[in-house]
Each structure stands twice: as structure tokens, then as C-alpha cells.
Amino acid sequence: MAMIWLAYTLTKSPLLVGLVGFCEQIPIFVIAPFAGVFADRWDKHKALIRIESLAMLQAAILGILTFAGVVHIAHIIILSLCLGVINAFEMPIRQSFVVEMVDRDKSALSNAIAVNSTVFNMSRLIGPSVAGIMINAVGEGWCFMANALSYAIVTVSLLMMRIKLPQEIVERKGKVLQQLKEGVQYIGAHKIMRSLLLLLAVVSFCNASLRTLAPVFAQDILKGNANTLGWLLSAAGVGAITGALFLTKRKKSSMLRRIVSFTGFLLGGAMGAFAFSRSLPLSLVFMGFAGLAQMMHTACTNTLLQEHVADDKRGRVMSFYTVCLQGTMPFGSLVSGSIAQYTSGVWSMAIMGAICIVATLIFRDHGQKKPRIITG
């Protein structure tokens with residue numbers, strides 16, 4: 001939140017705010033598929049420790065530049081790009097690491113993903129509110145340093161874990177491009193994976209406009225400040241946590257597929273309603289529904305993929321999940337920022353919501369087959 005707020009404060013340009021989002025996410029689109037190959041080779045536990053340490057360093061550098069009063073939009077763009085490279089490796093490895101945390105017990109996997117999502121979205125609820133207060137009270141620099149501290153806590157938590165090493169996966173060898181091709185063919189051969197990933201890609205593309213344009217709505221449309229932005233993002237966090245808590249109770253695969261379709265429609269509708277709202281309370285309600293829809297859509301997609309995928313291809317499949325979830329967001333940020341620059345934030349948000357609804361109509365799954373492990 002502090003990064004996009006600082007970018008908008010420095011430039012007053014929705015296009016440049018969109019560019020910051022683009023630079024943070026584009027490495028995921030390019031690098032994550034290759035990272036998935038290494039996720040199937042590496043000790044995920046040790047890899048995550050190193051990756052989180054690098055993220056801590058990135059946040060600390062941004063904080064130091066801000067404290068020194070020399071931060072420029074170019075610094076934000078470059079460090080956003082660095083964070084994107086880090087996340088390109090971190091996300092597929094972390095997503096595929098969840099199954100190791102529950103010792104490959106797939107009966108517990110759905111609950112584990114839901115609990116993971118609950119914890120993740122607690123930060124979306126608490127973080128923006130705290131950030132809004134901190135920005136107004138002490139400035140963005142302290143937000144960046146608090147972020148660095150959070151990565152330090154994650155690193156310590158990883159060091160305290162005792163994970164059984166899956167030797168048969170970690171020791172896999174071979175050409176990276178060949179194994180990447182195997183992953184693409186594996187997904188392409190199975191309709192349920194194709195449909196889930198294509199719909200997730202479009203939903204994430206559209207959802208990026210909520211984060212990118214939130215400062216525009218907070219300042220220009222709702223006539224607020226950093227606290228207003230914090231409330232908007234926190235409302236999305238409340239909705240996300242509500243959805244995550246709903247999913248902590250084991251759901252059948254057929255129910256998860258229905259949720260995936262329904263939440264695509266809900267997200268598009270909530271975005272359209274938020275676009276034309278001029279009341280802060282109503283805007284908070286619509287942001288809450290958007291957060292609920294986005295979280296439940298991604299968590300259910302995650303669970304369905306992990307229930308179907310074979311262990312030796314888990315890292316590669318989850319890397320494409322990461323590409324569809326995060327890798328499409330830079331294009332969504334760039335497109336929504338460009339539309340807002342030349343029309344308005346309102347029409348940009350409404351258009352993205354409409355695209356989300358149309359994509360759900362095209363890619364939604366009507367099948368009711370029971371899940372099975374796809375080994376081909």
C-alpha cells in the first residue's frame with residue numbers, strides 16, 4: 001500500500017502507478033514457469049529461507065531511500081522489478097510447499113490452503129489500516145521497514161520448521177526447457193486444468209484494477225486521504241477473510257467448481273458497483289464483496305489443481321497457477337491505468353468488471369466429475 005501511495009503522491013499519474021504495478025508483477029509472468037521446474041528439483045524449505053531473506057533486503061533498501069529523502073519514482077520502479085523477480089521464485093515454491101507442510105495428506109490439503117489463505121488475508125485486513133495511520137503519522141519509510149521486519153519473522157519461522165525432505169523429487173535432473181515443456185503438455189492435455197487456469201488468468205487481470213486504481217478512488221472520487229485508501233483495502237481484506245473462513249470446512253470438489261464460477265460473476269459485479277459508488281460506506285461494502293470473491297476464486301482454484309496434480313509435476317503446475325494469478329496482474333495494472341488516464345477511473349473499473357463477467361461465462365466449468373490424480 002505504501003509503495004503505490006508513494007508513487008501516486010510523487011507523480012499524480014494513474015499511468016505511472018500502473019507502471020509500478022506492472023514492474024512488480026511482470027517478472028512473475030516471465031520467470032515463474034522456469035521457477036516451477038526448479039521447485040520440482042530443489043529443497044523447497046531451504047529455497048524459501050533464502051528467498052525471504054532477499055525480500056527483506058529489498059524492503060529495507062526502499063525504506064532507507066525514503067528515510068534519506070532521495071526516493072524517486074525510478075527507485076520505486078526498479079525495486080518493484082526486483083521484488084517481482086523474488087516473488088517469481090517465491091510464489092510457486094511456497095504454493096507447492098503447502099502439501100509438504102501437511103506431509104502430503106491430501107485429505108487435509110483443502111483445509112491447509114484455506115487456513116493459509118486466512119492467515120494471508122489477515123495481513124490484508126490489518127496491514128492497510130496500520131499503513132494508512134503510519135503514512136499520515138510518520139511517513140511511508142516506516143511502512144517499508146515494517147515490511148522488512150515481517151520478512152525477517154517469516155525467515156525465522158521457516159528456520160524453526162522441521163520438514164521431511166522428499167528425496168525423489170528434490171534429486172530430479174534434466175534440461176530445464178524440456179521439463180518446462182512437459183509441464184505445459186501436462187496442463188494442455190487436461191481440460192479441467194486448462195479451464196481453471198484460463199479463468200484465473202482473466203479474473204486476476206481484471207482484479208488488478210482494484211489495487212491500481214484504489215488511490216485514484218480514495219483521493220479523487222471519495223475525496224479522502226491515505227486513511228481512506230487503508231479502509232478500502234482493509235474492506236477487501238475483511239471480505240477475503242470471510243471467504244477463507246467459509247472454506248476452512250472441507251468442501252466437495254463439485255462445490256469448489258461451482259464456487260469458482262459464482263465468484264467470477266460476483267467479482268465482476270462488485271467491481272462495477274464500486275466504480276459508480278460515491279459513498280464511502282457503500283464503496284467499502286462493494287470492496288468487501290470483491291475481496292471475498294477474489295479470495296474464494298483463487299483458493300478454490302488452488303485446491304482443485306493440487307487435488308488433481310501428480311507430485312512430480314506439482315511445482316510446474318503451481319508455477320503456471322502463479323503466472324495466472326500474479327503474472328497477468330501487470331497487464332491488468334497497465335491496461336486499467338491507461339484507460340483511467342485517457343477516460344476516468346470509473347470507466348476503467350467498470351470495463352474491467354465487465355470483462356471478468358464475460359470470461360466467467362466462457363470458461364466456467366459445468367462438469368461434475370469427481371477429482372482424480374492426473375499422472376499422464
Side-chain angles (χ1 to χ4, degrees), residues 1-14 16-25 49 51-87 90 119-159 210-220 222-238 240-241 280 284 287 291 329 333:
M1 176 188 160
M3 188 160 61
I4 61 172
W5 182 264
L6 181 58
Y8 191 63
T9 300
L10 290 173
T11 66
K12 299 296 182 183
S13 169
L16 285 176
V17 174
L19 182 60
V20 170
F22 179 84
C23 290
E24 183 182 345
Q25 303 295 341
I49 291 171
I51 290 167
E52 302 296 347
S53 299
L54 289 173
M56 177 178 63
L57 179 62
Q58 183 273 347
I61 291 172
L62 188 53
I64 292 169
L65 289 173
T66 306
F67 279 133
V70 297
V71 68
H72 185 270
I73 187 63
H75 297 138
I76 298 174
I77 290 171
I78 292 170
L79 287 168
S80 294
L81 193 63
C82 292
L83 182 61
V85 173
I86 293 169
N87 286 338
E90 192 267 353
V119 175
F120 173 80
N121 284 290
M122 279 295 292
S123 69
R124 293 183 63 191
L125 171 62
I126 299 171
S129 298
V130 174
I133 295 170
M134 290 179 67
I135 289 171
N136 281 335
V138 293
E140 296 89 349
W142 283 108
C143 294
F144 299 136
M145 297 310 291
N147 191 35
L149 176 62
S150 75
Y151 284 117
I153 294 171
V154 172
T155 304
V156 172
S157 300
L158 285 164
L159 288 168
L210 284 169
R211 182 174 181 267
T212 299
L213 299 177
V216 179
F217 277 83
Q219 277 194 2
D220 300 341
L222 298 174
K223 307 301 180 184
N225 55 21
N227 283 329
T228 308
L229 177 60
W231 283 112
L232 289 174
L233 297 181
S234 291
V238 170
I241 290 171
L280 179 58
L284 293 174
M287 282 292 281
M329 285 188 174
S333 295

### Query
Side chain of Ser234, backbone of Trp231: donor and acceptor closer than 3.5 Å?
no
### Query
Under 3.5 Å, side chain of Ser13 to main-chain N/O of Leu16, donor-acceptor pair present?
yes
### Task
Apply side-chain hydrogen bond (donor to acceptor under 3.5 Å, both in side chains) to Tyr8 and list each qualifying residue two or more places apart in sequence or on a separate chain.
Asp220
### Query
Taking only residues two or more places apart in sequence, or in another chain, which ones meet Ser333 in a side-chain hydrogen bond (donor to acceptor under 3.5 Å, both in side chains)?
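With neighbours one apart ignored, the set is Thr212.
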### Message
Suppose we screen for ring-ring contact (aromatic ring centres under 6.0 Å, His included). Which residues come up paired with Phe144, at least two apart in sequence or across chains?
### Response
none
How many angstroms lie between atom [atom1] of [X] and atom [atom2] of [Y], to the nearest 0.5 angstrom?
X: Phe217; Y: Lys223; atom1: CZ; atom2: NZ; value: 12.0 Å
X: Thr228; Y: Leu280; atom1: OG1; atom2: CG; value: 6.0 Å
X: Leu54; Y: Thr155; atom1: CG; atom2: OG1; value: 9.5 Å

Tell me the closest heavy-atom pair linking [X] and [Y], and the distance in Å.
X: Leu62; Y: Val71; result: CD1-CG2, 4.4 Å
X: Ser80; Y: Met3; result: OG-SD, 3.3 Å
X: Leu229; Y: Pro215; result: CD1-N, 3.8 Å
X: Met145; Y: Ala60; result: SD-O, 3.9 Å
X: Thr66; Y: Gly141; result: CG2-N, 3.5 Å
X: Met287; Y: Ala235; result: CB-CB, 4.0 Å

Excluding sequence neighbours, so at least two apart, what forms side chain to side chain contact (heavy atoms under 4.5 Å, CB included) with [X]?
X: Ile153; answer: Leu149, Ser157
X: Ile61; answer: Leu57, Leu65, Leu79
X: Met134; answer: Val130, Val138, Trp142, Cys143
X: Ile77; answer: Leu19, Val20, Cys23, Ile73

### Message
Applying side-chain contact (heavy atoms from CB on, under 4.5 Å) to Ile76 and Leu10, what does each step give before you reach the verdict?
### Response
CA-CA 10 Å; Ile76 298 174; Leu10 290 173; 3.8 Å; yes
### Query
Are the side chains of Leu210 and Leu232 in touch, meaning some heavy atoms are under 4.5 Å apart?
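Of all side-chain heavy-atom pairs linking Leu232 with Leu210, none is under 4.5 Å.
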### Task
Take Asn225 and Gln219 through the test side-chain contact (heavy atoms from CB on, under 4.5 Å) and record every step on the way to the result.
CA-CA 6 Å; Asn225 55 21; Gln219 277 194 2; over 6 Å; no
### Query
Got a sec, which residues hit salt bridge (Lys or Arg N to Asp or Glu O under 4.0 Å) with Glu24, two or more places apart in sequence or on another chain?
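Glu24 satisfies salt bridge (Lys or Arg N to Asp or Glu O under 4.0 Å) with Arg211 only.
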